[in-house]
Q: 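Once you've had a glance at the structure underneath, I'll fire off some questions.
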Amino acid sequence: MSFAFVSDIRQTQFGRDGLAVIGDSNNYLHVAFDRANASGPKLTFSGKGNFDMPGCICAGSVDRNGQKNGYWGVRPWKAERLQAGKYKITHGIGHIDYYVTANIVSSAFMGSVIVMEKTATYVVLGTGGVDGVLYDNTFDFQICGRN
């Protein structure tokens, strides 16, 4: 499937393997199957313009010392331990239209992760026990919102 931009023409094109929605050269969406992919057909997405597509911005695992372990997402991030049970995830998302979910990773510790501070460039998480005291813990987190 291919498409070309023509000045001031807005159109939707359907092809054998996908579709294109074209506003102009600065506003378009192209969704197709890439059949040349060695591991089989793969859905591809490309576009330009402002998209309202909330999703996972960044996610990963942070160990009790504040070290980043497994991670993924569209935005890079770093982690640091500020003090016992208090961790800062620096993300640079640029807005606060996001939410954070996090869970302690432990078979022996009963507790939770709380959002202590949320800004456009970082979030501070606290890992605490049922007694309300912050303790160092390994945790997984996910930040979802407007990309």
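Sequence positions, counted from 1, serve as the residue numbers for this chain.
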Q: Partners of K78 by side chain to side chain contact (heavy atoms under 4.5 Å, CB included), sequence neighbours excluded?
A: T90

Q: Of all heavy-atom pairs between D136 and G85, which one has the smallest distance, and what is that distance?
A: OD1-N, 2.7 Å

Q: Which distance, rounded to the nearest 0.5 Å, do you find between the OG1 of T127 and the NZ of K86?
A: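 With rounding to 0.5 Å, OG1 (T127) is 11.5 Å from NZ (K86).
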
Q: Would you say the side chain of V115 lies within less than 4.5 Å of the side chain of L125, judging by non-hydrogen atoms?
A: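 The answer is yes; the side chains approach within 4.5 Å.
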
Q: Mind checking who shares a hydrophobic cluster with L82, ILVMFWY linked at side-chain heavy-atom distances under 4.5 Å?
A: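 Grouped by the 4.5 Å side-chain rule, I114, M116, Y122, V124, L134 form the rest of the cluster around L82.
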
Q: When W77 is tested against each of Y87, F141, W72 for ring-ring contact (aromatic ring centres under 6.0 Å, His included), which residue passes?
A: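 Single pass found, and it is F141.
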
Q: Is it true that a side-chain atom of D131 and a backbone atom of V133 form a donor plus acceptor pair closer than 3.5 Å?
A: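 Confirmed, D131 side chain pairs with V133 backbone.
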
Q: My understanding is that only residues two or more places apart in sequence, or in another chain, count here; which of them pass side chain to side chain contact (heavy atoms under 4.5 Å, CB included) with C144?
A: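 By the side chain to side chain contact (heavy atoms under 4.5 Å, CB included) rule, C144 matches C56, Y99, Q142.
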
Q: Indicate the atoms forming the closest heavy-atom contact of D24 with N26, along with that distance.
A: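 The pair with the smallest heavy-atom distance is OD1-N, 2.8 Å.
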
Q: Tell me every residue that passes ring pair (Phe, Tyr, Trp, His ring centres under 6.0 Å) with Y135, counting only those two or more places apart in sequence or in another chain.
A: F109

Q: Tell me every residue that passes side-chain hydrogen bond (donor to acceptor under 3.5 Å, both in side chains) with S61, counting only those two or more places apart in sequence or in another chain.
A: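 With neighbours one apart ignored, the set is D140.
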
Q: Could you tell me which non-hydrogen atom of V62 sits nearest to which non-hydrogen atom of A79, and how far apart they are?
A: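 Looking at all heavy atoms of both residues, the shortest contact is CG2-CB, 3.8 Å.
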
Q: Identify, with sequence neighbours excluded, every residue that meets side chain to side chain contact (heavy atoms under 4.5 Å, CB included) alongside N103.
A: none

Q: List the atom of A120, the atom of I96, and the distance in Å for their closest heavy-atom pair.
A: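 What the structure gives for the nearest pair is N-CG2, 3.6 Å.
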
Q: Any salt bridge (Lys or Arg N to Asp or Glu O under 4.0 Å) involving residues 87-105? Give me the pairs, sequence neighbours left out, ordered by first then second residue.
A: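 Counting only pairs at least two positions apart or across chains, the salt bridge (Lys or Arg N to Asp or Glu O under 4.0 Å) contacts touching residues 87-105 are D97-R146.
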
Q: Just checking Y71: does its OH atom have more than 12 heavy atoms from other residues, nucleotides or ligands closer to it than 6.0 angstrom?
A: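 It does not: Y71 OH has 12 such atoms or fewer within range.
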
Q: Enumerate the residue pairs fulfilling salt bridge (Lys or Arg N to Asp or Glu O under 4.0 Å) with a member in residues 105-119, sequence neighbours excluded, ordered by first and then second residue.
A: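 For residues 105-119: none.
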
Q: Which residue pairs pass the salt bridge (Lys or Arg N to Asp or Glu O under 4.0 Å) test when at least one of the two sits in residues 55-64, sequence neighbours left out?
A: none

Q: Taking atom CD1 of I93 and atom CD1 of I143, what is their separation to the nearest 0.5 Å?
A: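 It comes to 4.5 Å.
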
Q: How long is the straight-line distance from OG1 of T138 back to CD1 of I104, given to the nearest 0.5 Å?
A: 9.5 Å

